Every structure is written in C-alpha cells, then in structure tokens.
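Read the structure below first, then the notes.
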Amino acid sequence: MMKRSVCKRISLLAAVLALLTIPANAMHIAEGYLPVPWAFGWMAVCVPFVVAGFLSIKKKVALNPRAKVLLAMCGAFAFVLSALKIPSVTGSCSHPTGVGLGAILFGPAATVVLGLIVLLFQALLLAHGGLTTLGANVFSMAIVGPFVSYGLYVLLKKTGCKPALAVFAAAAMGDLATYVTTSIQLGVVYGNFLEYLSIFALTQIPLAIAEGILTVVVFNVLEKYAKEELRDLSVL
Amino acid sequence: MGTDRCAYLSRLRNVDPIPKVWFTLAVLLICVFADSVVVGLFTLAALSVLNIVVGGQRTGDLLHFLKVPLAFLIIGCLTIAIRPIGQAEALWAFRLLGRWRWGITAENLRLGLLVFCKAMGAVSAMYFLSLNTPMTDLTMALERLHVPKLFVELMELIYRFIFLLAGEAGRIKVAQESRLGYRGFRRSMHSMGELLSTVFVRSLHRGNRVFSALESRGYTGSLTTLPGQYTPGRWLYGLAAATAACQLLILIAERRLLP
C-alpha cells in the first residue's frame, strides 16, 4: 500500500515536470483541434476587425506609399520576434508573443492585419497553428492581446504613471489576456476551462513577466537611440 | 526556414498552385467535418503517402514536421481525457491532493482520441500544401483567387523581409553569445532587449532604403511580377475527388458498422 502511494506521487511529480517543458508556442491552437462550428465561428468574429484594420492600412498607404514597405518590415519583425527564444524566469526558454510590443509600436489596427499574415506564415512555414484554427488564433493573438495592451498603455500614460511601468503592464497584461482567451476558446468547446487555465498558467505567467521586462528594455534602448525612427513610425 | 526548403525541392514545385490549394482544402475540410477517428487516421496515412510518393518528400523530413504539433496535441488531448469527474464511473481515477477525484471516463477517452486523430489528419493535409508549394507561388495564387492586392503585396514583402531580419538577428545573437551575453537572467534580458531594438531600428532603416531603391526604379505603388511557368496539374482535381471519395466511404462504413 505504502509502495503504491509512493509510485503514484512519483508519477504525479513526473507529470507536473513534463508540463513545465511545454513550449510557449503551444499557445497556437493546432490544425484540426477545434470542431467545425467553433473554427468557423471564430473566423466570422475576426472578419469585422480584419476588414476595419485593412481599410485603415489602405488609407494610410494611399496617403503615404512609404508606409507599405514600413508595414511589411514591421510584420517581418513580428515574425522574427516570435521565433526568438527569450530567457524565462523558471529557467526554461520560451518564445515571446510580441503582442504588447507590436500593439504599442504600430497601433491595434495595423497589428490585426500584420498579425493575420504572421499567423498564416507561422501555420504554413512552421506548423504553429493551422488553417482551420486561424480564426481562433487571430482572435486571441492579433485582436484581444493587442487591444488590451494598447488600451492599457494609453490609459496608464494618461493617468501620468511612469512610462516604464506603463510599457511593462501593457506587455504583460497583453500576454495574459491572450492566454486567458486561448484557454476560454479551448474550454468552451471541451468543457474544462479551468484545467487549460491552470496548465497554461505554468508557462504563461513567468513568460508574461519576462516579456514585460524585455519590452521595457527594448523601449529604453529605442528611446535613447531611435527617437527619430519612432517619429517616422507615426505615419503608420 | 521550416517547410520552405522542402517546398523548393518538391516534385510538385512546377505544378500550378491553385489545384494544390483546392486539393488541400477539400481533404482538410472533409477530415475536420467528418469528426471520426478512422477518417482522421486514413487522412494521415493517405496524405503522408501522397507527400512521399507524389511530392517526393523524404520520409525523415515528413516525420520531423509531423512531430511539430505533437507538443500541443498531446497536452491538449490529455487535458480532454483526464479531468475532474466527481462520482462518475471511471476507467482509472485518483484523488488530487487527497480531495478531488480526477480520472479518465470512457466518454472522455473517446473524445480525446477523436480530437487527436482528427487533428493529425488535418495537419498532414495542410502539409501537402506547405511542403509542395513555395510561398511566392502561393501568394501569386492568392492574387489570382481575388484576395485584395494590398494584402497579397504585404504578404510578399513580409515573406522576403523575414529572411533578411532573421539572418541579421541570428548574426547579432552569435556575436552576443560569443561575448557571454546570455549568462544569467539579468544579462540575457539586457542582451535580448538590445538585439530586438537594434533589429527593429535597422529594419526601419532598411524599409526606407528599400523604398528609395524601388522609387528610383519607377515604383508607382505596386509590385508586378510575371507568374511562373506552371504545368496545369488538372490531375490533382482527380486525385482530390478520389481521396475525398475514400474518406466519405470510410465515414459511411464506420457509421454503419459502429452505431
């Protein structure tokens, strides 16, 4: 009896340790994981956001043709950012989502369209995410995350709080909002929302903190050395 | 990067991308709509064979790519199968921290298995497109399918710039690592922050340079290129019909045999 309970404890410990090694790109819902009604439902939810973002980009490009090339550079930057490994607090490495950085630099409207393209490339080139689940992934990573980040950033700046704190909060909360959204998307389908939430919490909370710190470092460097370039960005 | 190298080596490289898109979408959608373990496994097997025999992919490459979504799927399907079950009858159960009863019921096990097989089938269908179609062909196909021109152009430019920026980021990272830039958490954060901001600033500069270069060559707002010389590939429609018919027959047989 004693022996069995020890075995059980060891197996539980092993299971928990296995969970700690989940790569963070596990936040992309894999191809075919969602049932048909949900997959298409999320696509339909995304359509108005994508159309609005696309129209706003189109207007800016018509005013300033340079914006198209700059936007493309920003999209490529977002892809490269999400492919890098960042050091996480728990010691393991994980990929940043880049949600907060993108939203603060380019604004939420451009981020929706760039996010859609980047997620499509990630699905096809790296098999992170998929075609049928593209709608769900776009909603969590290119709509909810950026809107939360951007909203929080603007709000905190208005209340006159320190810029570093505003950037940290925006990036970390954008990350967390993305992860909660993904958990809800999975939970409503298979009815175990809390389970997804607690499993992803293991990787995503340390990652959100790490990404918050990283975004602050990036902004400090940009403020010091790239004021003019940031002004350029206001055309986007 | 990723599937890109395989796509350029594929035997279907010169086949018109549009039939490949329709083939993949048809097989993928039937696999997802069918909602059945057997159809999922059949799609996985059939599309893997097609990828190797028709597309000329190496078995090792294909297996490598099939492993990529496994991390998500194993975790995702275990959470479907193992969950709090209250007083329900279980195949296997344990008490979490001595209080809550967790376990596997027959119903949940079936659901987890179904999702796993369906997803693996769908993934292998998606690979038929991405392992056999270079991205530049795909973006041109999207243009022919009347996706807005600005969107397609953004895709083409982003695709090109990804390789530029990834190369740059990789070189900076090697330079930083060779100077012990990633020892310890604080220093890693600092190095990574510098890497990202440098790549970002350089990408803006590069964007401006690319724009000037384009403008001096008569750029008026859109990049037009000649389409590749494709073989029509109408036989892929036949293959799509055959695969879809097999999937549907298997689905009907399964529904009949297992009520």
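Computed from a predicted model, the values in this text were never measured in an experiment. Residue numbering restarts at 1 for every chain, and letters A, B, ... go by the order of the sequence lines.
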Looking at [options], which makes the most heavy-atom pairs under 4.5 Å with chain B?
{"options": "A:G130, A:A76, A:A123", "result": "A:A76"}
{"options": "A:A62, A:A30, A:A83", "result": "A:A30"}
{"options": "A:L214, A:V221, A:L116, A:L81", "result": "A:L214"}

Go through the atoms of [X] and report whether side chain, backbone, both or neither lie under 4.5 Å from a heavy atom of chain A.
{"X": "B:L131", "value": "neither"}
{"X": "B:Y127", "value": "side chain"}
{"X": "B:M120", "value": "neither"}
{"X": "B:F151", "value": "both"}
{"X": "B:L28", "value": "side chain"}
{"X": "B:R206", "value": "both"}

pair [X]-[Y]: side-chain heavy atoms closer than 4.5 Å:
{"X": "B:T3", "Y": "A:L124", "result": "no"}
{"X": "B:V201", "Y": "A:L222", "result": "yes"}
{"X": "A:V69", "Y": "B:N208", "result": "no"}
{"X": "A:F79", "Y": "B:L165", "result": "no"}

Roughly how far apart are [X] [atom1] and [Y] [atom2], rounded to 0.5 Å?
{"X": "A:T132", "Y": "B:L29", "atom1": "OG1", "atom2": "CG", "result": "8.0 Å"}
{"X": "B:Y159", "Y": "A:L120", "atom1": "OH", "atom2": "CG", "result": "12.5 Å"}
{"X": "A:L101", "Y": "B:L196", "atom1": "CG", "atom2": "CG", "result": "7.0 Å"}
{"X": "A:E211", "Y": "B:M192", "atom1": "CD", "atom2": "CE", "result": "10.5 Å"}
{"X": "A:I213", "Y": "B:S188", "atom1": "CD1", "atom2": "OG", "result": "11.0 Å"}
{"X": "B:D4", "Y": "A:F121", "atom1": "CG", "atom2": "CZ", "result": "10.0 Å"}

Check whether [X] gets within reach of chain B through its side chain, its backbone, both or neither, counting any heavy atom under 4.5 Å.
{"X": "A:L34", "result": "backbone"}
{"X": "A:V80", "result": "side chain"}
{"X": "A:Y225", "result": "neither"}

Of B:E156, B:E153, B:E215, which is the lone residue that meets salt bridge (charged side-chain N to carboxylate O under 4.0 Å, His left out) with A:K68?
B:E153
Quick one: of [options], who has the most non-hydrogen atom pairs under 4.5 Å with chain A?
{"options": "B:V115, B:L129, B:T133", "value": "B:V115"}
{"options": "B:C77, B:A122, B:C6", "value": "B:A122"}
{"options": "B:L150, B:L111, B:I74, B:L157", "value": "B:L150"}
{"options": "B:I80, B:T198, B:V68, B:L25", "value": "B:I80"}
{"options": "B:H205, B:H190, B:E194", "value": "B:H205"}

Please name the pair of heavy atoms, one in [X] and one in [Y], separated by the smallest distance, quoted to 0.1 Å.
{"X": "B:K118", "Y": "A:P35", "value": "NZ-CA, 4.0 Å"}
{"X": "B:M189", "Y": "A:V217", "value": "O-CG1, 4.1 Å"}
{"X": "A:F54", "Y": "B:P148", "value": "CZ-CB, 3.5 Å"}

Mutual orientation of the aromatic rings belonging to B:F72 and A:Y33 [parallel < 30°, tilted 30-60°, perpendicular > 60°]:
perpendicular
Step through the shown structure and confirm whether more than 12 heavy atoms of other residues, nucleotides or ligands are within 6.0 Å of NZ on A:K58.
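No, the 6.0 Å shell around NZ holds no more than 12 heavy atoms from other groups.
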Is it the case that more than 12 heavy atoms not belonging to B:K149 sit under 6.0 Å from its NZ atom?
yes
Sorted by number, residues from residues 30-42 of chain B in contact with chain A (heavy atoms, under 4.5 Å)
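Within residues 30-42 of chain B, the residues under 4.5 Å from chain A are B:V32, B:F33.
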Passing option when A:F77 is tested against B:L204, B:I158, B:I162, B:V199 for side chain to side chain contact (heavy atoms under 4.5 Å, CB included)
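Only match with A:F77 under side chain to side chain contact (heavy atoms under 4.5 Å, CB included): B:V199.
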